[in-house]
Amino acid sequence: MNDDPVILRPATEDDLPVLERFLTDPEASGPFQWLGWSDPGRWRRRWTQDGLLSDEGGQLMVTAGANRLGFVAWRKIVTSRSSYYWNIGAQLLPEGRGRGIGTRAQRLLTRYLFAHTPVVRLEADTETENIAEQRALEKCGFTREGVLRSTVFRNGRWRDVVRYSMLRDDIKDMAPEQPSSSGGTMA
């Protein structure tokens, strides 16, 4: 699987059981994303409604070869009547973690959003204890902006998060994607 390029693609109905695992399986969600049992039917309702792609945000599957490894997502944050930006994130199954796949997937999502939407800003948040995600965002070219105190309630207590951002002009500083296995493509 390490030799397969990371690809982002729209979800299909066959992907819904993979997505549902993130809402019903604490191990699939991982230590920083498990927020308790949640309605697994929400994925199917959203997929039926808009295929998980809308003007308000979306989800794309992260794959390598035949392996479905998780998803990347973005949601619109409206800042004024005429302005908005995207807040992005990634969630990988255990078999996709720790090998740079999340970094490559978020880099692909960043390029995609700047290429196909007029936003000037992307944001990402992660818990202060999630060092792996902080490194992934920094490798993607995101800038650490600061800590937001008591933002996420998980496992019985409030957690602080680190906010990162990337501006459209920052993308020129990103290393170009390589067509080899170390890069990735959009399907």
Side-chain angles (χ1 to χ4, degrees), residues 7-13 15-16 19-20 22-23 29 32-33 35-36 38-62 70-92 102-128 130 133-154 158-177 184-187:
I7 294 174
L8 304 181
R9 63 164 175 76
T12 66
E13 191 169 11
D15 295 321
L16 295 177
L19 295 171
E20 289 164 355
F22 291 110
L23 301 174
S29 291
F32 299 105
Q33 293 295 324
L35 303 174
S38 189
D39 173 16
R42 81 176 193 174
W43 288 111
R44 187 165 301 279
R45 287 189 301 276
R46 274 268 333 275
W47 187 84
T48 300
Q49 176 185 342
D50 61 20
L52 302 179
L53 297 170
S54 78
D55 292 340
E56 302 303 311
Q59 283 83 20
L60 295 172
M61 296 300 295
V62 176
F71 68 94
V72 291
W74 64 102
R75 63 186 173 92
K76 184 184 275 187
I77 306 295
V78 176
T79 58
S80 77
R81 186 176 53 174
S82 60
S83 305
Y84 70 94
Y85 62 86
W86 297 118
N87 183 286
I88 73 161
Q91 197 162 8
L92 298 177
T103 301
R104 288 181 274 175
Q106 289 179 110
R107 187 176 295 134
L108 289 168
L109 178 61
T110 297
R111 291 178 185 277
Y112 174 78
L113 292 173
F114 280 137
H116 298 284
T117 68
V119 298
V120 70
R121 176 184 175 84
L122 301 178
E123 262 187 14
D125 301 314
T126 190
E127 286 190 27
T128 55
N130 192 346
E133 176 62 3
Q134 292 177 52
R135 286 186 187 138
L137 290 167
E138 290 166 2
K139 286 179 186 177
C140 287
F142 280 77
T143 299
R144 183 184 172 120
E145 290 189 333
V147 174
L148 304 174
R149 298 180 310 154
S150 296
T151 304
V152 174
F153 187 79
R154 181 180 59 75
W158 285 97
R159 313 289 173 142
D160 296 346
V161 301
V162 181
R163 168 141 312 151
Y164 284 84
S165 72
M166 180 184 290
L167 302 180
R168 182 174 288 276
D169 289 343
D170 297 339
I171 197 157
K172 66 180 179 238
D173 299 329
M174 287 176 62
E177 285 296 322
T185 58
M186 288 290 288

Can you measure from [atom1] ([X]) to [atom2] ([Y]) and round to the nearest 0.5 angstrom?
X	Y	atom1	atom2	result
L108	L8	CG	CG	5.0 Å
T48	L16	OG1	CG	7.5 Å
T143	L137	OG1	CG	10.5 Å
H116	R111	NE2	CZ	12.0 Å
T126	F32	OG1	CZ	7.0 Å
L113	T117	CG	OG1	5.0 Å

Note: R45-D50 ion pair, threshold 4.0 Å (strictly below):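 D50 and R45: not salt-bridged.
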
R42/E20 salt bridge by N-O under 4.0 Å criterion: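 Answer for the salt bridge query: no.
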
What's the shortest heavy-atom distance between [X] and [Y], and which atoms?
X	Y	answer
A136	Q106	CB-NE2, 4.0 Å
L23	D39	CD1-O, 3.4 Å
A90	V72	CB-CG1, 3.9 Å

For [X], which residues count as a side-chain hydrogen bond (donor to acceptor under 3.5 Å, both in side chains) partner, sequence neighbours excluded?
X	answer
S54	none
D160	none
S29	none

Check: R154/Q33 side-chain N/O donor and acceptor closer than 3.5 Å: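 The criterion, which ignores hydrogens and geometry beyond distance, is not satisfied for Q33 and R154.
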
Aromatic plane relationship, W86 with Y84 - under 30° parallel, 30 to 60° tilted, over 60° perpendicular: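 Perpendicular.
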
Derivation of the ring pair (Phe, Tyr, Trp, His ring centres under 6.0 Å) call for W43 and F71: CA-CA 12 Å; W43 288 111; F71 68 94; 5.3 Å; yes

Evaluation steps, salt bridge (Lys or Arg N to Asp or Glu O under 4.0 Å), between R121 and E123: CA-CA 7 Å; R121 176 184 175 84; E123 262 187 14; 2.8 Å; yes

